[in-house]
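Below is one structure, written out as structure tokens, with a few remarks after it.
Values in this document were obtained by computation on a predicted structure and should not be read as measured data.
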Amino acid sequence: MSHGWSDNPYDVYNDPNGPYYDPYYYGPPAPPAPGSAVAALVCSSVATFACCNVLALPAVITSAMAVSRSARDPRGARTLTAWSWALFGAAMAVAVVYVTLMVAFGV
């Protein structure tokens, strides 16, 4: 009796008559990559650590949560990503206003 590509009688995965043999099955498609969430995480991390903008810390937290949830809850991950971009934008706007006022008053 032939057992597919090997002569091992216990190799049920390569046995054409076996229950697990399907030459056209490649598995389920991979979940989409959370590109926007990763970009938000990188941008807010750089703003927090390189620019010392502690107001961007909530954006780091929400974008990290979005990256971790992207595979099991895509809708919630999109919501968290939107929140992280909004928090990042608000933190950067506050930083720009602060720097502008510091330059204007010559401090």
Side-chain angles (χ1 to χ4, degrees):
M1 173 177 193
S2 173
H3 292 284
W5 291 287
S6 68
D7 290 329
N8 184 357
Y10 301 107
D11 190 9
V12 294
Y13 295 102
N14 290 326
D15 184 10
N17 300 322
Y20 302 110
Y21 181 76
D22 188 5
Y24 301 107
Y25 181 72
Y26 293 105
S36 182
V38 171
L41 180 62
V42 168
C43 290
S44 56
S45 297
V46 167
T48 300
F49 298 115
C51 302
C52 299
N53 190 353
V54 295
L55 297 176
L57 195 58
V60 171
I61 294 169
T62 54
S63 58
M65 290 171 54
V67 169
S68 69
R69 281 190 195 176
S70 64
R72 60 187 154 103
D73 183 18
R75 189 173 190 175
R78 280 192 300 272
T79 303
L80 283 170
T81 302
W83 273 104
S84 64
W85 279 116
L87 290 168
F88 173 72
M92 294 310 293
V94 168
V96 167
V97 168
Y98 177 73
V99 169
T100 303
L101 289 176
M102 294 300 277
V103 169
F105 290 120
V107 175

Please tabulate, for the side chains in residues 37-44, all donor-acceptor contacts under 3.5 angstrom to protein atoms that are two or more places apart in sequence or on a different chain.
{"unit_1": "Ser44", "atom_1": "OG", "unit_2": "Ala40", "atom_2": "O", "d": "2.6"}
{"unit_1": "Ser44", "atom_1": "OG", "unit_2": "Leu41", "atom_2": "O", "d": "3.3"}

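- Sorted by first and then second residue, the ring pair (Phe, Tyr, Trp, His ring centres under 6.0 Å) pairs involving residues 71-107 (not counting sequence neighbours) are Trp85-Phe88.
- Partner of Val97 under the side chain to side chain contact (heavy atoms under 4.5 Å, CB included) criterion, chosen from Val94, Leu101, Val99: Leu101.
- Summarising the geometry of Val67 relative to Ser70, their closest heavy-atom pair is O-OG, 3.0 Å, with the distance given to 0.1 Å.
- Pairing each heavy atom of Arg72 with each of Pro74, the nearest pair is C-CD, 3.8 Å.
- A distance of 10.5 Å separates CZ of Arg69 from OG1 of Thr81, quoted to the nearest 0.5 Å.
- Across all non-hydrogen atoms, the minimal contact from Ala47 to Cys51 is O-CB, 3.4 Å.
- Listed by first and then second residue, the side chain to side chain donor-acceptor pair (under 3.5 Å) pairs involving residues 50-66 amount to none (not counting sequence neighbours).
- The distance from atom CG of Leu80 to atom CZ of Arg75, rounded to the nearest 0.5 Å, is 13.0 Å.
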